[in-house]
Every structure is written in structure tokens, then in C-alpha cells.
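What you see below is based on every heavy atom in this structure, not just the backbone, and it leaves out hydrogens, waters and symmetry mates. Here is how names work: the chains are called A, B, and so on, in the same order as the sequence lines, proteins then strands, and each is numbered from 1.
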Protein chains: 2
Amino acid sequence: MPDQEQTRLMIKVARLYHTHDMRQTDIAKRLHISQSRVSRLLTQAEEVGLVRTVVAVPAHIHAELEEAVEAAYPVSEVHVVDVVSDDESELGHDLAHAMAMLLAEVTFEAATVGFTSWSRTLRTMVDQMQPLRTRTQQVVELLGDLGPPLLQHDAARSTQRLATLAGAEAVFLRLPGVVPSVEIRDLLVSRDVYAREALALLDGIDLALVGIGACEVDPTLRSGDNFFTHEQFAQMRERGAVGEVCLHFIDADGEPIEGELDDLVIGVTRDQLRAAGRRWAVAGGVRKREAVRAAVKGGWVDTLVTDAATAEYLLA
Amino acid sequence: MPDQEQTRLMIKVARLYHTHDMRQTDIAKRLHISQSRVSRLLTQAEEVGLVRTVVAVPAHIHAELEEAVEAAYPVSEVHVVDVVSDDESELGHDLAHAMAMLLAEVTFEAATVGFTSWSRTLRTMVDQMQPLRTRTQQVVELLGDLGPPLLQHDAARSTQRLATLAGAEAVFLRLPGVVPSVEIRDLLVSRDVYAREALALLDGIDLALVGIGACEVDPTLRSGDNFFTHEQFAQMRERGAVGEVCLHFIDADGEPIEGELDDLVIGVTRDQLRAAGRRWAVAGGVRKREAVRAAVKGGWVDTLVTDAATAEYLLA
DNA sequence: GCTTGGCGCGCATATCTATTCGTAACGCGC
DNA sequence: GCGCGTTACGAATAGATATGCGCGCCAAGC
């Protein structure tokens, strides 16, 4: 956290550079510092968010697509993003960016925001986000930890950052997201007062930010690693599952597939999710498109951010 | 005006560069174009406004100053800008930038906007402006031409650009701003139907954008060059003038100083100006501070954009 | 007091970007 | 078709920016 003086300097440099179009060398001379320092100050200014550069993609280039999807599915708002490539990671990046922009413009209030920090797209989004004006009091994690400790760390950081940006308190759910048995789940929950608080908050979510998963082991996770196994996924697919929202499996029509796996998850329940005021989802790409269709068809999300290819798939 | 395809490319490049943080060389390889082209496309994207980089100066760092001035003078809004230097040209630049930002946020409607295109600060402002949402129908010049043909050309271009940005029609006042005698004025006006239209429009200005001038020959103009002479200014100073707003002289208390010079001006009248719904002025710097004080004291402006030093002078 | 570690800075320079220049392609008048 | 001006482009390179490295400063620990 840069101090007062540093910040003043950053602003001064940033303005001389960006608004007055001066070269770094000239700024350096003028302020009697080295060019390298100017360069570093500028980098900092970007990091801190003092300098923002936005690429104003003409909004709603895909307006027809959006309207068509909105008409065909029980979803209130669809945003179709013009992605630079269909490569999964870049696609995620673009979707994340778009959703960050969207959230920045939000005007409604949302005292309790639910957040799935294990979705990579959502974490990317948080990294790109600017301060929110949702008057949020708590940001609650919707699911326990998944994957290895490193990922858990990332997830926690992400939740924390979102909370900070929203001017809210971060409420963590620092338990495994998937456990081997109901007994273990109950045991863990009963012994963790923080987790119980978090789970209780999930009853009154105003805005849920969720991802949508294909019915398979996420490529970034490992089978069984605080997560369902390949076998468990296979089993659910046999029973018709094509995707999941917050680890709740749904079939091609978006109908929930109940089963014993539900009891192995520590996180938001189906009912709690359905009861959330707004449910924003971001997902796209070939791998997930079936899941996306199921999720919107079943009304699991009311605002969807996706790519053009997926939107077209939804209409096909 | 770049064509469709060009624009798509610009957006793509801009996003790869700014949002995906790719190097120009990599973008070039990826899109099978040269790096120089990427560089040029990026420049274009900035020019066209597809890419905007803003330095988020914490708003109202000088809030106390602003409130103090608002309390001390009959002015409804004061914006004190944190300028990078007191050098006149840089100061103008900063003030212009601030005013452009301000106008971008404007929400009210203004069907007729009056504009003084011969104020350098205002022209700088127009260059930095983004499209407005004032639902403007006409942008009318408040004064005739001043200075040499080159300047007149600049002024016209500026008015045109402002009109374009506002989605409005530009109404020019293509006559000399200052003439040698009343007879000539009447003759010129009587023979120019466009000018008469423009002058008529000045009766119903919703928003006037004006500069404030010290009572002297503007350094960028020449004595008598479609402008008042040194002698005329001296004469007005003897009669107590300390500044002018749209070439109407005012004394230290902001009271108008009437006289024969009024009849030599082709442009908005005092009464027309006073009747304008909103009167936004931008001015600052040591040379003009006395004039600024007079202008706000006399209620000639209702929104003032100025620098901290001038604001402090107003309170001294 | 003397290490030791961390940080902030400037120097030199590697890396990245803008510009110059030459070429080719296009439109336009003849 | 043939100059002729205009525009768009890429190669080379001038120019601007980022970064590895080392130094000096400060603070904490012994």
C-alpha cells in the first residue's frame, strides 16, 4: 500500500504521461527523478487503479442474439461477448472482463453477495473488477474448498478482494467443498462455528455470482481432490446429468438430479440458490455449452454472460 | 472515418493489447500483419476513442475550497482542478480536461448550446471531449471571428466537432467578432442571413460555454486583428474594467461597463447571456484571476472550473 | 555496534514501440 | 493506357519504455 506522498507522485506522473502526453524521460527530468522510476510509478498507478484504460467495445454488437436467447429461455438478461478467440483460457478472460464491466455499472443494492471463488472465470473477473456500488455488507462463499491448498489460497484471496471492492466483509467457508460422507460433513459443520455462520447467511442471498460446470472433473482440479471423482461424475452422467451449478447436478432440461452426492457437498443448497434475488452466471466455450443450456433452461440463472458461439448453440 | 473492417481489426488489436496484455509483436504474428500496423491501429483506436485511458484523480480533493467559494459568491457550482503546473498552457490543458470530464457526466438536456470557439481553453476542451448526452439540437457560436484566418479555421473546426459530439447541428457566426463601427456591423449583419439566424438562436441558450478574459489583448491575438486594440482595452481599464465575458467588460464588482465598444461586437448580448439557462466558465491562472473574481461576483457564470491557486485568490 | 534482510532507487541495457522510408496498389483525369 | 497524387503497408531502425543488477539506506535482531 503506497503512502500519501507516493500516491501524489503517481498521480502527477500519470497525468503528465497520459493527459499531457509527455515522454517518461521528460517527466523524469522535470521531477528530478530517473526514467525508470517514472516507468515504475506508472506501472503502480495502473495496478492501484489510478489509471484505467478501457476498450470501449460498442455495446451489444450481438443484440439480436441476446434478444433471441432471452426470448427462448426463462432468463431475464443475456450478454453476448465478442471474444477474441475460442481458446478456453482467453475466452474465460474475455467473459470475465465483460462481467466485471457489467458489475461496475450495477445500480441495484445487494446486501449479501454469494460468490463461487473456485470458478476460475469468476476469479479472473474479480482481478479485473473496479469498486462496486452495490452497498454490500457481506460477500459469502457459496462453496467450500475444492482442489489443492494453493487453489484454496487463491480462492480466499479472491473472495477477500471482492469483499474489499464491494466495501463489505468477507465471509469464508473454510471447509472442504466435497467430503467423503454425510457423517464427516455433519461433523465438520458442527465443529466449525464460522462455517455455520456462512451457511446461515446463504438463506438470504441478494446476488449470487456463479459459474456453470460441465458434468466432468474440471481440468484444473483432480479427481477426488476435495472434489467428486471421475466415477462419481460418470455415475451422474448415466443418470442424465449434463452439468452442474454450484455442484448441483442438472439434466438436459435443467431439472435437478437428486441423489446421495448432494449430501456430500458443503455449500449453498438448491433451495437457497433458487431463493437468491439475482443469479448471475458466466460461462461459455464448447466444453460447457450443454451445461449452459441446461442451466438457463432450468432457470438456474437470470443473467447470463456468454460468448457468441455458445449463444448460437443455445438457439440451435 | 475508418471502415467497418478496419474498425473490427482495431477493436481486436486493442483488446489483445490492453485487455490481454499481449505484446504488439505477438499480436502481429497472430493476426498475420506487421508490428507497425498493430502500432498504427492502436494509435487510431485511441484517436477514434475506442480506447480511453483515464487518470482517476480522486474527485474533489479540493472540496473545502470549492465549498468556500460557492458560499462566498453567487455561483452554484465550483470545480477546483488540481493542475500539474501554473504554466499557462499546461494549466489551460488541465482545466480543459477537467471541464471535458464534467461535460461527459452531464445528465440534463440542453437543446441549444452556445460556444465561444475563440477561447483556447475551450477549444482544447473540445479536442478532449467524448460524445455528450445533452440531446442538443444546435451548437451556436457566441461570438464572431477573432484573429487571423488560421485561428478562424480552428474555431470553426472546434465548433463543428463539438456539434458532432453532441449529435447536433453547428450554427456558425462567420462574421468578424469586432468591427470598426456600428455602421459596418449593421451592414454586415443585414447582408448575412446565416448570421442573423445564429444571432436569433442566442435568445434561447440552454447552456453557454464561455471563457473569461483579462482586460487586455489576448497574447494569442494581435491588437486590432478583428479584435479590440491596446488603446481600446486601456480605455476600458481606465473606466474600471478588469475583465470581460464574451467581450462584455465588467468592473471589479462584476458590474457591466457599458459603452460604445458594446456596439462593435458581433455576438451574444449581455442580456442574452444572462438569460441563458446555465453558464459554464473555465478560466484560471494569475493573469486572469482578477477577471475571474469579477465574473463570478457579478453572477456571469453559474458553474466555474478553475485551479486551486485562483480559487484561493477568490477567497483572499 | 554489527550483521542481515528488505526496500527503493538509478544505471545500463534488453525489450518493446513509433516512425521513417521505400514500394505497391488504387483511384482519377486525360 | 498512362502519369499523378494518395493511401496503405512492411522492413528497418530510431526512439521510448521496462527490467536486471547493484548500491545505499533503514530497521530489526543478536
Side-chain angles (χ1 to χ4, degrees), chain A residues 1-57 84-85 87 89-90 93 97 127-128 153 157, chain B residues 1-57 84-85 87 89-90 93-94 97 127-128 153 157 160-161 164:
Chain A
M1 183 59 66
D3 68 356
Q4 187 69 30
E5 194 45 39
Q6 181 88 345
T7 308
R8 292 196 81 78
L9 198 54
M10 264 163 51
I11 296 182
K12 193 147 198 166
V13 167
R15 293 213 314 187
L16 288 171
Y17 189 78
H18 293 288
T19 336
H20 290 254
D21 292 317
M22 282 178 70
R23 314 285 86 204
Q24 293 188 1
T25 326
D26 300 328
I27 300 173
K29 275 189 202 124
R30 172 159 174 173
L31 302 182
H32 304 290
I33 56 181
S34 71
Q35 177 266 319
S36 41
R37 192 157 171 214
V38 173
S39 171
R40 284 191 261 253
L41 282 165
L42 285 169
T43 314
Q44 263 191 72
E46 300 242 328
E47 278 167 5
V48 178
L50 264 172
V51 171
R52 270 182 292 236
T53 98
V54 296
V55 180
V57 176
V84 294
S85 112
D87 168 73
S89 110
E90 291 195 307
H93 197 122
H97 187 81
D127 287 340
Q128 307 197 19
H153 180 73
R157 210 174 33 76
Chain B
M1 181 61 64
D3 69 355
Q4 188 69 28
E5 193 46 36
Q6 182 89 344
T7 308
R8 290 197 80 78
L9 198 54
M10 265 164 48
I11 296 181
K12 193 147 198 166
V13 167
R15 295 213 316 184
L16 287 171
Y17 189 78
H18 293 288
T19 342
H20 289 255
D21 292 319
M22 281 177 71
R23 312 285 87 208
Q24 293 188 0
T25 322
D26 299 328
I27 300 173
K29 275 191 202 123
R30 172 160 174 172
L31 303 181
H32 303 288
I33 56 182
S34 70
Q35 177 265 320
S36 40
R37 193 156 171 215
V38 173
S39 171
R40 283 192 264 252
L41 283 166
L42 285 169
T43 315
Q44 263 192 74
E46 301 242 330
E47 276 167 5
V48 179
L50 264 171
V51 170
R52 270 182 294 235
T53 98
V54 295
V55 180
V57 177
V84 296
S85 109
D87 168 75
S89 110
E90 291 196 307
H93 197 120
D94 280 342
H97 187 81
D127 288 339
Q128 307 197 19
H153 179 73
R157 209 174 34 74
Q160 181 58 63
R161 178 173 156 88
T164 308

For B:Val38 versus B:Val13, what's the shortest heavy-atom pair and its separation?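 Distance-wise, the nearest heavy atoms are CG1-CG1, 3.7 Å.
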Which residues in residues 22-33 of chain B have a heavy atom closer than 4.0 Å to any atom of DNA chain D? B:Ile33
What's the angle between the local helix axes at either end of the helix from C:dG1-D:dC30 to C:dC30-D:dG1, using five pairs per end and rounding to 10 degrees?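 Taking five pairs per end, the axes differ by 20°.
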Taking only residues two or more places apart in sequence, or in another chain, which ones meet B:Arg23 in a salt bridge (charged side-chain N to carboxylate O under 4.0 Å, His left out)?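 For B:Arg23, no residue satisfies salt bridge (charged side-chain N to carboxylate O under 4.0 Å, His left out) once neighbours in sequence are set aside.
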Mind checking salt bridge (charged side-chain N to carboxylate O under 4.0 Å, His left out) for B:Arg30 and listing every partner two or more places apart, or none if nothing turns up?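 Here the qualifying residues are A:Glu90.
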Distance under 4.0 Å to a non-hydrogen atom of chain A counts as contact; along DNA chain D, which nucleotides mark the start and end?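 For DNA chain D, the relevant span reads D:dA16 to D:dG20.
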[X] [atom1] to [N] [atom2], straight-line distance once rounded to whole Å:
X: A:Leu41; N: C:dG8; atom1: CG; atom2: C1'; answer: 11 Å
X: A:Gln44; N: C:dC7; atom1: CD; atom2: P; answer: 13 Å
X: B:Gln35; N: C:dT15; atom1: CD; atom2: P; answer: 15 Å
X: B:Asp21; N: C:dT17; atom1: CG; atom2: C1'; answer: 15 Å

For B:Arg37, side chain to side chain contact (heavy atoms under 4.5 Å, CB included) partners two or more places apart: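 Checked B:Arg37 against side chain to side chain contact (heavy atoms under 4.5 Å, CB included); matches are B:Gln6, B:Leu9, B:Ile33, B:Ser34, B:Leu41.
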[X]: which residues meet the side-chain hydrogen bond (donor to acceptor under 3.5 Å, both in side chains) condition with it, sequence neighbours left out?
X: A:Ser89; answer: none
X: A:Thr25; answer: none
X: B:Thr43; answer: none

Can you name the residues that form a ring-ring contact (aromatic ring centres under 6.0 Å, His included) with B:His93, not counting sequence neighbours? A:His20
Distances under 3.5 Å between protein N/O atoms and the N/O atoms of nucleotides 20-24 of chain C, please, pair by pair.
none

Please set out all donor-acceptor pairs under 3.5 angstrom arising from side-chain atoms of residues 47-55 of chain A, sequence neighbours excluded.
none

So, applying side chain to side chain contact (heavy atoms under 4.5 Å, CB included) with A:Tyr17, which one of A:Lys12, A:Gln24, A:Met22 is it?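 Passing option: A:Gln24.
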Test side chain to side chain contact (heavy atoms under 4.5 Å, CB included) applied to B:Arg15 and B:Ile11, step by step: CA-CA 6 Å; B:Arg15 295 213 316 184; B:Ile11 296 181; 4.2 Å; yes
Nearest 0.5 Å please: distance from the CG atom of A:Asp21 over to the CG atom of A:Asp26. 11.5 Å
Rounded to the nearest 0.5 Å, how far apart are CD of A:Glu46 and CE of A:Met10?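 Answer for the CD-CE pair, A:Glu46 versus A:Met10, is 10.0 Å.
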